[in-house]
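Here the structure is laid out as structure tokens; the discussion comes afterwards.
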Amino acid sequence: PAYADQSSVTRRPALVVVVVVDQMRAELLTRYARLWSSGFKRLLEQGAVYDQTFYPYLNTVTCVGHATIGTGAWPKTHGIILNQWYRRDLGAMRACTVDPSAITFNYGGAKGGEGHSAVALKVPTLAERMKIEWPTSRAVTMSLKPRSAIMMAGKNATAVTWLSGDGWQTSSAYGGGRPELVRFLDQQPFTNDRDKVWDRLLPATAYSGVDDGVGERPTTGRTRVFPHQLSGNTTGAFQELWEESPYSDAYLGAMAAAAVRDFQLGQR
């Protein structure tokens, strides 16, 4: 009762941060708990941990999961049922974010090509509801995939950015390219990681499981064992190798930090 009295007045949140790690099993948090020193350690010790949480539906693929997290609704309600499905109205298979009315904007390149948006999303996301409640609020999302960034943002977001074969993109559904992101992408292009080598930070004995595991199918240009070079061979494409390395996660983290600064998130 005492706590209820103190928290009866609703405070406007200054900054809400949602991080989704696609395909990361929950048990990895506890399996490697002894190794955490900050980040996850702080969340596990000081945050609320829901250890009986599950997705009560199939299929638990990227677009569906992000839409569920973004909206709080089930697929039968928010309308996203797979990463792509057959559309009777179009007579063809279409990705969950494809929007024929949207135009793609390539950062550092020409606009054009198949556009993406949250047009298929039937209910608003948390970001959209915040915009309704506080019209001056801003919503910024980023991911390596359009379906991840878009389904977390929904419609009417400030900036939604993803990576494709042509580099970082957005679409006319979100107003086109943003100068705040242009500065970061120009000053810190991800191609700066071309000479990086992905290796283990700790001795091999610190990890559960062997390096050369049964069933491994490495990306073209990558071997089955550490270390992994992101370039320097004639068969592998740098961007694909980079996307499947921790360096892409680190880059998204830096992009998010720059967005907090450049979009003045949580500062108004």
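Side-chain atoms are counted along with the backbone in the values below, which use heavy atoms only and exclude waters and symmetry mates. Positions are given from 1, in the same order as the sequence printed here.
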Find out whether the Lys NZ or Arg CZ of Arg194 is both under 6.0 angstrom from the six-membered ring centre of Phe238 and within 45° of the ring's axis. yes
What side-chain hydrogen bond (donor to acceptor under 3.5 Å, both in side chains) pairs are there with at least one residue in residues 257-267, not counting sequence neighbours? Arg183-Asp262
Is Glu244 close to Arg222 at the side-chain level, that is, under 4.5 Å between some pair of heavy atoms? yes
With side chains defined as the heavy atoms from C-beta onward, is the minimum distance between Ser101 and Val119 less than 4.5 Å? no
For Thr125 and His78, what are the C-alpha separation, side-chain angles and deciding distance, and is it a side-chain contact (heavy atoms from CB on, under 4.5 Å)? CA-CA 9 Å; Thr125 61; His78 62 56; over 6 Å; no
Looking just at side-chain N and O atoms, do [X] and [Y] make a donor-acceptor pair shorter than 3.5 Å?
| X | Y | result |
| --- | --- | --- |
| Thr68 | Tyr57 | yes |
| Gln169 | Thr104 | no |
| Tyr32 | Ser208 | yes |

Looking at every heavy atom in both Cys63 and Leu82, which two are closest together, and how far apart are they?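 For Cys63 and Leu82, the tightest heavy-atom pair comes out as CB-O, 3.8 Å.
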Search all heavy atoms of Ser137 against all heavy atoms of Lys131 and return the closest pair with its distance.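 Of all heavy-atom pairs spanning Ser137 and Lys131, the closest is O-NZ, 2.9 Å.
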Under the ring pair (Phe, Tyr, Trp, His ring centres under 6.0 Å) test, residues paired with Trp36 that sit two or more places apart: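 Result, ring pair (Phe, Tyr, Trp, His ring centres under 6.0 Å) vs Trp36: Phe40.
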Ring-plane angle category for Phe184 and Tyr251, please: parallel below 30°, perpendicular beyond 60°, tilted otherwise. tilted
For Glu180, salt bridge (charged side-chain N to carboxylate O under 4.0 Å, His left out) partners two or more places apart: Arg178
State whether Glu45 and Lys41 are salt-bridged, where the test is any N-O pair (Lys NZ or Arg NE/NH1/NH2 against Asp/Glu carboxylate O) under 4.0 Å. yes
Take a 6.0 Å sphere around CZ of Arg31 and say whether it holds more than 12 heavy atoms from other residues, nucleotides or ligands. yes
Near Arg34 CZ, under 6.0 Å, is it more than 12 heavy atoms from other residues, nucleotides or ligands? yes
Apply side chain to side chain donor-acceptor pair (under 3.5 Å) to the pair Thr62 and Asp22, showing each step before the final yes or no. CA-CA 7 Å; Thr62 301; Asp22 205 348; 2.6 Å; yes
Tyr107, Trp242, Tyr247 screened by ring-ring contact (aromatic ring centres under 6.0 Å, His included) with Phe190, the one that passes: Trp242
Output field: ring centroids Phe226/Trp198 closer than 6.0 Å: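 Yes: the rings meet the under 6.0 Å criterion.
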